[in-house]
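These notes are about the structure you will find just below.
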There are 2 protein chains.
Amino acid sequence: MNEPVALEAADGLEARSELLEGLIGYALRRTTIVVMADFIDAMEGLGMRPVLFSMLAVIRENPGINQTTLGRALGIQRANLVPLVNELISRRLVDRRRHPKDGRAFALFMNGEGGLLLDEAIARVSRHEERVLAGLGDAERRQLLTLLNKVRSG
Amino acid sequence: MNEPVALEAADGLEARSELLEGLIGYALRRTTIVVMADFIDAMEGLGMRPVLFSMLAVIRENPGINQTTLGRALGIQRANLVPLVNELISRRLVDRRRHPKDGRAFALFMNGEGGLLLDEAIARVSRHEERVLAGLGDAERRQLLTLLNKVRSG
DNA sequence: TATTGTTATACTCTATAACTATA
DNA sequence: TATAGTTATAGAGTATAACAATA
């Protein structure tokens, strides 16, 4: 409440950092945390996490995909994908069959129940994106997506 | 290599999802992972992680800040902040003193060694941001920062 | 009663190395 | 030799509940 004094405690209720506020990496990290938290809220009761949602989306759009390719598409290492795929299998959302031409590989397919769950999740994701992007116009949303992909492909 | 056939394995080397590619949340998450990985590379040998960097920045710019306020500024819960502050203390980058007017609280101050480390980290962060933003012009960089903060605050 | 810092705990994500079976 | 999937393990981030000391 008073003017700051050197070596006195700056223990107000709020603190800022001009350095951090100028860094895009920091803004990316903090914004992602906020958006992912809203995603998780939006999925309440579905047992859906961001990583499971993205796996279901890729599997449905790429029927028969194997785990290595799935992991590469999503930036997940093979070893870390194993328990995640097992989770989808044991929840009967995805079917896993031996690959017809490569005995080492599995082929993953979305089944009916997985499709229903994904559809419900997609409906919730639409509302979630509308909520977190409420402050942006259509042009700004397209611009943000373009800029993010530019950085990522960079 | 051939045209896709229903229920045949789509086990090519690459897979995409139009659904995910349209979601800003997904773009945020993937882009942040790429940028954070480059940050970590940039800090090689410094023992610096994103969270420690942000803590040092806030402590230097808010001398005497207590742990609760520091955590609130960075979105870190008090309980999770304890081992992180201990790490900075044991590495002699930050000093912790009892708060003069509140016996429950600590007041955190950056010391000389912490300042030197933070300065070196800032120099590396500048090169890191230049690297990950190389594909964007100045106007685009400002725009991205503005849009990210709009989403986060919105 | 409320707040600061702490401890304990559990879950998720991530990273690495080594193994098996198949190619 | 190389690749697909697996196992084991360790580190880091995150979330909750409960406690002691102090306000």
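The structure presented is a predicted model; accordingly, all values stated were derived computationally and were not measured. Naming convention: chains lettered A, B, ... in sequence-line order (proteins, then strands); numbering from 1 in each chain.
Note: Ile59(B) CD1 to Glu61(B) CD = 11.5 Å, rounded to the nearest 0.5 Å. One finds the CG atom of Leu88(A) at 7.5 Å from the CE atom of Met110(A) (value rounded to the nearest 0.5 Å).
Comparing Phe106(B) and Gly75(A) along DNA chain C, the residue whose closest nucleotide (by nearest heavy atom) sits nearer the 5' end is Phe106(B). Mapping Asn80(A) and Arg29(A) onto DNA chain D by nearest heavy atom places Asn80(A) closer to the 5' end of the strand.
Counting non-hydrogen atoms under 4.0 angstrom, Val85(A) reaches nothing in the nucleic acid. Here Leu52(A) lies out of heavy-atom contact (under 4.0 Å) with every strand.
One can place NE2 of His99(B) at 21 Å from P of dA21(D), the figure rounded to the nearest angstrom. When rounded to the nearest whole Å, the span between CG of Leu84(B) and P of dT7(C) equals 14 Å. The nearest whole Å value for the distance from the CZ atom in Arg78(B) to the C1' atom in dC19(D) is 12 Å. Between the CG atom of Asp102(B) and the P atom of dA21(D) there is a distance of 16 Å, rounded to whole Å. Between the CD atom of Glu87(A) and the P atom of dC11(C) there is a distance of 13 Å, given to the nearest Å. Rounded to whole Å, atom P of dG13(D) lies 18 Å from atom CE of Met36(A). Regarding Leu81(A), its CG atom lies at a distance of 9 Å from the P atom of dT6(D), rounded to whole Å. Between the CZ atom of Arg49(A) and the P atom of dA15(D) there is a distance of 14 Å, given to the nearest Å.
Contact between the side-chain N/O atoms of Arg96(B) and the OP1/OP2 oxygens of dT6(C) is found at a separation under 4.0 Å. A sub-4.0 Å separation between OP1 or OP2 of dT6(D) and a side-chain N or O of Gln67(A) is present. At dG5(D), one or more side-chain N or O atoms of Thr68(A) fall inside 4.0 Å of OP1 or OP2 (strictly under the cut-off). Distances shorter than 4.0 Å separate none of the side-chain N or O atoms of Gln77(A) from OP1 or OP2 on dT14(C). Taking 4.0 angstrom as the limit, Arg104(A) places none of its side-chain polar atoms (N or O) nearer than this to OP1 or OP2 of dC19(C).
Nearest to the side-chain atoms of Ala105(A) among the listed nucleotides dA8(D), dT14(D), dA4(D) stands dA4(D).
Under 4.0 Å is where a charged nitrogen must lie from a carboxylate oxygen, and between Arg141(B) and Glu129(B) no such pair does.
A cation-pi arrangement is absent between Arg97(A) and Phe106(A), since the terminal nitrogen or guanidinium carbon is not both under 6.0 Å from the aromatic centre and inside a 45° cone about the axis.
Side-chain contact, Asn86(A) with Arg96(A): a donor N or O sits under 3.5 Å from an acceptor N or O.
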